[in-house]
Each structure stands twice: as C-alpha cells, then as structure tokens.
Amino acid sequence: MADTKREIERKYEATDDTRLPDLTRAAGVDRSVHRGLTELDAVYHDTSDLRLVADALTLRRRTGGADEGWHLKFPVAVGIRDELHEPLSDDLPRPLAALLRSRVRHAEIAPVVRLRSARDVHHLLADDGTLLAEVSVDRVHAERLAGEGRGTTAAWTEIEVELADDGDPAVLDAVEKRLRKAGIRPAQSSSKLARALAETTPARNGEKPEKDTPRTAGDHVLAYVRKQIRAIVDLDPAVRRDLPDSVHKMRVATRRLRSTFKTHRRILDREVTDPLGGELKWLAAELGLDRDQEVLDERIGSRVEALPATLTLGPVRGRLRAWSAARRTGSRRRIIDVLDGQRYLDLLEALDALVDDPPLRPAAGKAPDKALPRAVLKDYEKLARRMDHALEHPPGPERDTAMHEARKAAKRARYAGESARPALGKPAKRFAKRVKAVQSVLGDHQDSVVARGALRALAIEAHAAGETAFTWGLLYGQEEAAAEARERELPEVWERASDPALRADLKRR
C-alpha cells in the first residue's frame with residue numbers, strides 16, 4: 001500500500017507584493033527559518049467528466065521538491081486530507097489506480113491541468129528546534145490541458161500553511177491570527193486544482209440550475225438509494241486501505257440498499273431491484289467473512305480481560321488467539337479480490353443505471369406523506385408478528401431463533417424509518433430511534449447466543465488438550481446471564497417501539 005500522510009493545512013490569498021508578517025510573534029513559535037525557493041511541476045489527472053474533482057479527490061504527478069512522485073489526496077474534513085504517495089513513474093501506479101476504481105470504472109484517467117509553482121518556503125520552529133509548521137508563498141501558473149478552456153492559463157499567488165507531522169493545530173490558529181492582522185485572508189478555493197479549473201473554465205450565461213429537491217415519494221426513495229450507493233463507492237478505497245470500521249460501514253450500506261428495495265416495492269419495480277438485491281446480498285456476505293469473527297473475538301476478549309487473574313485458569317488467552325486464527329478465512333486478500341473483480345464492477349454499473357433510469361411504479365408519483373408511511377408501517381407489521389412469535393416462546397433455542405428473526409425484521413423497519421425521515425420528519429425519526437433500540441437489544445442477545453456456542457467449543461478444545469475448562473464455563477455463565485438480562489429488557493423496549501401514537505404520527509404526515 002502507498003505511503004500515507006495526514007495533511008492539515010490552510011490556504012490564504014496573496015499577491016505578488018504580499019510579504020509575510022513576523023510569524024515569530026505567533027503563540028508557540030520561537031523562530032522562522034527560510035528554506036529557500038523550490039520549483040514544482042505538477043500535472044493533475046482526472047476523467048474527462050472530472051469525477052475525482054466532483055468528489056474532492058486530487059491525483060497528481062509532481063516533479064521537484066522533496067516528495068516528488070504520484071500523490072492521491074482524499075478529503076477527511078475541512079482543511080484535512082490524507083495524502084497517499086507513490087514513487088515517480090511514467091504511468092499511474094497500480095495501488096493508486098485501485099483506490100480510484102469504484103469511481104473511475106472503465107473511464108480513462110488523463111492529464112487535465114498543469115500547475116508550475118515557485119515555492120518560497122519558511123519553517124516555523126519551537127524553542128527546542130521542533131518543526132511546528134511549514135509556510136510557503138506559492139507563485140502559481142496554471143494551464144488547462146483538456147476539456148472546456150483547453151489551452152487557457154491563469155496565474156496567482158497564495159500562502160499555504162501546513163502543520164508539521166503530529167503538530168498541534170493550535171499553531172495554525174496562532175499563525176492565522178498574525179496573517180489576518182496583516183490583512184491576509186483565507187483563500188476562497190480549497191485547493192490549487194479547484195482554483196485552476198475555476199479560472200480556466202469559460203463562463204456560462206444563463207440561470208443557475210435549480211436544486212433537485214425531492215417532491216414525490218419516488219424522489220425521496222431515490223435520494224436515499226443514491227446516498228447508499230454513494231456510501232459504497234466512497235468506502236471502497238477505505239476498505240482497500242484497511243481503515244477502521246470501513247468494512248462494517250460498507251456492509252451496512254449494502255444492507256440498507258437491499259432493505260430499501262424490499263421496503264419500497266410499490267415504488268421501484270422488483271423485477272429490476274430483486275436481482276440487484278441478490279448481488280448486494282453476495283457483496284455483504286463477502287465483506288462479512290471475517291467481520292463476524294472480529295465481533296466475536298472482541299466480545300470474548302473483553303470478557304477475558306475483565307476477569308481477575310485468580311479466575312483465569314490455564315492458557316486462556318493463548319487458546320483464544322489460536323482458536324480465532326484457525327477460523328480466520330484470510331478474507332483481507334479475498335475482499336480485495338472481490339473489489340477488483342468484474343462482478344463487483346458490474347454491480348456498481350447496474351446501480352448507477354438504476355438511478356439514471358429508475359424503474360418507477362405508479363406509486364412513485366404519489367405524495368411522500370401518502371406512500372412512505374404505508375411502506376414503513378408494513379415493515380413494522382412484519383416486525384410485530386415476529387416479536388409476538390418470539391415473546392410467546394419460553395427461554396431456549398426456539399426463542400433464540402425467533403428473536404434472531406425478529407432482529408432482522410427490526411433492522412429492516414429501522415432502515416425504512418430512516419429512509420422516510422427526510423420526507424416525514426420527526427415522526428419517522430422517533431420511529432427509527434425506538435426500533436433501533438429494539439434491534440440493539442435483539443442484536444446483543446444474538447451476539448450472546450453466538451458467543452455461548454463459541455465458548456462451548458473452546459471449553460471442549462481445552463478439555464481435550466488436558467487444560468481446565470473452568471474459565472470457559474465461567475464466561476459461558478456470564479453470557480447466559482447477559483442473554484437473560486436482554487430477554488427481561490425486551491418487553492419494555494418493544495412496548496415503547498410499538499406505541500400506537502408513533503404509528504398514528506406517521507399516518508398524519
């Protein structure tokens with residue numbers, strides 16, 4: 001994987017005659033060291049329709065400076081980006097190309113803008129010589145290489161303040177205070193590329209396009225569908241980079257999307273959505289190969305760590321690690337193979353085709369306050385039937401199974417409420433929140449069921465190896481008690497979620 005750096009910086013407007021103020025007067029700065037002038041030559045790449053720019057991503061090949069090579073930047077927050085670096089080469093490095101695949105698909109990536117900058121660099125240091133920030137005055141010349149405005153040039157000067165690695169962001173605030181006192185204001189463009197495109201794109205006459213405000217039930221459902229598709233595409237590079245919780249979040253997006261197709265069958269034609277739902281189920285299963293084992297490891301591991309040493313008898317931690325490793329599928333490599341595969345790419349293309357030409361049914365044209373409550377309440381009714389079935393069973397395996405089925409129905413009803421929230425407002429929000437509470441209780445109960453099965457297996461392995469099974473039995477008892485607590489809690493949580501006033505509020509919208 002490419003080298004990654006967290007870039008935290010701020011940009012400011014300047015002119016050719018702008019002079020930096022005395023930044024040693026900024027809090028925490030002891031001295032400023034001039035590092036000289038550097039010539040940078042960067043060619044920014046994108047698709048012909050600027051898909052990367054649309055998602056605030058930048059891809060460039062830069063020569064000059066200490067970090068010449070290929071750079072790919074992902075937005076994290078305002079003024080914060082993750083920069084991935086690969087060595088200089090003629091062609092786009094494969095690791096970076098893979099991170100762009102969910103967005104680029106089959107489109108060609110080619111040069112769109114060239115930026116040549118004369119960078120005058122200053123280092124701001126603490127009294128012990130620690131680098132706090134790098135301040136540069138950049139004189140930029142931009143040339144449009146493709147698309148509208150091809151051959152057009154622009155030039156400007158800007159100041160860039162970049163926080164040192166592991167630096168305190170308060171330094172940026174202190175420096176900005178000094179810059180503002182000198183009359184230097186933050187830049188309007190978030191990046192050099194954005195400014196270059198803005199200044200080299202021909203102005204268009206006419207009115208601004210109207211905002212695409214959802215009006216019908218179909219509009220609202222499609223807006224939610226687009227949001228989940230967007231999440232899958234955005235999370236693809238995060239999964240490839242193995243960022244925390246990225247696999248789980250991507251899996252949730254696939255489930256939300258699949259659930260939406262089921263909930264809104266009166267709005268979207270199931271002849272189109274059912275096959276997509278099947279492919280989304282496949283993707284979720286691939287993403288979940290090791291996720292369930294991770295959850296189980298965390299649950300049992302936390303219980304082991306909470307035990308006093310006097311109750312941890314035998315090689316408990318070692319056996320847990322060995323047991324977990326034996327059940328790992330090596331899915332990290334498998335997940336990457338799935339994301340690189342044609343089946344996944346075909347799914348993304350099919351999802352785009354769905355929203356580009358949605359298979360709307362007559363109910364899609366209805367007012368959202370008429371069509372959406374009906375769909376949400378239908379999912380609620382399914383949940384209610386499963387809850388009644390679960391609660392009528394005495395504790396035991398049959399009840400465990402029934403509660404697991406109710407959990408799946410609760411998840412779907414919750415997603416239905418969330419998808420309707422933009423149209424139905426607070427009633428949908430309250431409904432989704434209370435159903436989520438039911439889902440959480442049922443989910444924790446199911447996790448306990450799975451954990452007890454795992455603990456029994458661990459106890460059998462320990463016994464067969466001549467080890468004491470005492471600790472595994474103790475943990476089994478803790479999980480049994482946790483499950484009983486969830487079962488006692490469930491009726492009250494369900495009573496709140498099944499409040500007739502909640503459903504009445506949905507119908508009145």
K.L.:
Output all residues satisfying side chain to side chain donor-acceptor pair (under 3.5 Å) with Trp323, sequence neighbours left out; order by chain, then residue number.
P.N.:
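For Trp323, no residue satisfies side chain to side chain donor-acceptor pair (under 3.5 Å) once neighbours in sequence are set aside.
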K.L.:
Checking Asp82 now: which residues fulfil salt bridge (Lys or Arg N to Asp or Glu O under 4.0 Å) with it, not counting sequence neighbours?
P.N.:
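Listed in chain order: Arg6, Arg241.
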K.L.:
Taking NZ, NE, NH1 and NH2 as the nitrogens, is one of them in Arg251 or Asp292 under 4.0 Å from a carboxylate oxygen of the other?
P.N.:
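Looking at Asp292 together with Arg251, the answer is yes, because their closest N to O distance falls below 4.0 Å.
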K.L.:
Of all the heavy-atom pairs spanning Lys281 and Arg258, show the shortest one and how long it is.
P.N.:
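Closest heavy-atom pair between Lys281 and Arg258: CD-NH2, 3.3 Å.
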K.L.:
Looking at Glu9 and Arg81, is any side-chain nitrogen of the basic one under 4.0 Å from a carboxylate oxygen of the acidic one?
P.N.:
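The answer is yes: the pair qualifies as a salt bridge.
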K.L.:
Between the side chain of Asp138 and the main-chain N/O of Val140, is any donor-acceptor distance below 3.5 Å?
P.N.:
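Answer holds: no.
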K.L.:
Does the distance from a Lys or Arg side-chain N to an Asp or Glu carboxylate O, for Arg215 and Asp219, drop under 4.0 Å?
P.N.:
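Salt bridge between Arg215 and Asp219, a charged N being under 4.0 Å from a carboxylate O: no.
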K.L.:
Can you tell if the side chain of Tyr44 reaches within under 4.5 Å of the side chain of Leu52, non-hydrogen atoms only?
P.N.:
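When only atoms from C-beta onward are counted, Leu52 and Tyr44 do not touch, as no gap falls below 4.5 Å.
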K.L.:
Just jot down the side chain to side chain contact (heavy atoms under 4.5 Å, CB included) partners of Arg226, sequence neighbours excluded, or say none.
P.N.:
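For Arg226, the residues satisfying side chain to side chain contact (heavy atoms under 4.5 Å, CB included) (neighbours in sequence not counted) are Leu222, Val355.
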K.L.:
Restricting to salt bridge (Lys or Arg N to Asp or Glu O under 4.0 Å), what partner residues turn up for Asp346, sequence neighbours left out?
P.N.:
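For Asp346 there are no salt bridge (Lys or Arg N to Asp or Glu O under 4.0 Å) partners, ignoring immediate neighbours.
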K.L.:
Output yes when a side-chain donor or acceptor of Arg299 lies under 3.5 Å from a complementary backbone atom of Ala451, and no otherwise.
P.N.:
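Checking the backbone N and O of Ala451 against the side chain of Arg299, no donor-acceptor pair under 3.5 Å is found.
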K.L.:
Just by modelled atom types, is the Ala364 backbone N or O under 3.5 Å from a matching donor or acceptor in the Thr216 side chain?
P.N.:
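Indeed, once roles are kept as given, a pair shorter than 3.5 Å links the two residues.
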K.L.:
Going by distance alone, is a donor N or O of one side chain under 3.5 Å from an acceptor N or O of the other, for Thr18 and Thr15?
P.N.:
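Thr18 vs Thr15: donor-acceptor pair found between side chains.
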K.L.:
Whether Glu158 and Lys192 form a salt bridge (side-chain N of Lys/Arg under 4.0 Å from carboxylate O of Asp/Glu) is what I want to check.
P.N.:
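Yes, Lys192 and Glu158 are salt-bridged.
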K.L.:
When you compare the side chains of Arg414 and Gln439, does any donor N or O come within less than 3.5 Å of an acceptor on the partner?
P.N.:
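Yes - a donor-acceptor pair under 3.5 Å links their side chains.
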K.L.:
For residues 24-37, tabulate all N or O donor-acceptor pairs below 3.5 Å that involve a side-chain atom, not counting sequence neighbours.
P.N.:
from  : atom 1 : to     : atom 2 : distance (Å)
Thr24 : OG1    : Asp22  : OD1    : 2.5
Thr24 : OG1    : Asp22  : OD2    : 3.3
His34 : NE2    : Asp120 : OD1    : 2.6

K.L.:
Who passes side chain to side chain contact (heavy atoms under 4.5 Å, CB included) against Thr152, sequence neighbours left out?
P.N.:
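Testing Thr152 for side chain to side chain contact (heavy atoms under 4.5 Å, CB included), a comparison that skips the adjacent residues, returns Thr200.
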K.L.:
How would you list, by chain and number, every residue that makes a salt bridge (Lys or Arg N to Asp or Glu O under 4.0 Å) with Glu305, sequence neighbours excluded?
P.N.:
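With sequence neighbours excluded, Glu305 shows a salt bridge (Lys or Arg N to Asp or Glu O under 4.0 Å) to Arg317, given in chain and number order.
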K.L.:
Side chain to side chain contact (heavy atoms under 4.5 Å, CB included) with Arg61: which residues, sequence neighbours excluded?
P.N.:
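Partners of Arg61 by the side chain to side chain contact (heavy atoms under 4.5 Å, CB included) criterion, ordered by chain and then number, come out as His45, Thr63, Trp70, Leu88, Asp90.
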K.L.:
For Lys5, check side chain to side chain donor-acceptor pair (under 3.5 Å) against everything at least two apart and list the hits.
P.N.:
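Side chain to side chain donor-acceptor pair (under 3.5 Å) check on Lys5 returns Glu162.
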K.L.:
What residues form a side chain to side chain donor-acceptor pair (under 3.5 Å) with Ser102, not counting sequence neighbours?
P.N.:
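Checked Ser102 against side chain to side chain donor-acceptor pair (under 3.5 Å); zero matches.
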K.L.:
Please answer whether the main-chain N or O of Arg114 pairs with a side-chain N or O of His141 as donor and acceptor at a distance below 3.5 Å.
P.N.:
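The answer is no, because no donor-acceptor pair under 3.5 Å joins these two groups.
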K.L.:
In terms of side-chain geometry, is the basic nitrogen of Arg334 or Glu286 positioned less than 4.0 Å from the acidic oxygen of its partner?
P.N.:
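Yes.
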K.L.:
Backbone N or O of Asp242 within a donor-acceptor pair of the Ser246 side chain at under 3.5 Å?
P.N.:
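Not a single qualifying donor-acceptor pair exists.
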K.L.:
List the atom pairs, donor and acceptor, that lie under 3.5 Å between side-chain atoms in residues 177-188 and the rest of the protein, sequence neighbours left out.
P.N.:
from   : atom 1 : to     : atom 2 : distance (Å)
Arg180 : NE     : Glu176 : OE2    : 3.1
Arg185 : NH1    : Arg180 : O      : 3.0

K.L.:
Counting distance only, does the side-chain N/O of Ser259 pair as donor-acceptor with the main-chain N or O of Arg255 below 3.5 Å?
P.N.:
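Side chain of Ser259 to backbone of Arg255, a donor-acceptor pair under 3.5 Å: no, none is there.
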K.L.:
Mark yes or no for whether Arg51, through its side chain, and Val104, through its backbone, hold a donor-acceptor pair below 3.5 Å.
P.N.:
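Yes, the answer is positive, given that a donor and an acceptor are paired below the 3.5 Å cut-off.
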K.L.:
Glu279: what forms a salt bridge (Lys or Arg N to Asp or Glu O under 4.0 Å) with it, not counting sequence neighbours?
P.N.:
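Glu279 satisfies salt bridge (Lys or Arg N to Asp or Glu O under 4.0 Å) with Arg343 only.
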K.L.:
Would you mind checking if Arg103 and Asp234 are paired as a salt bridge, meaning a charged N to carboxylate O distance below 4.0 Å?
P.N.:
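Yes.
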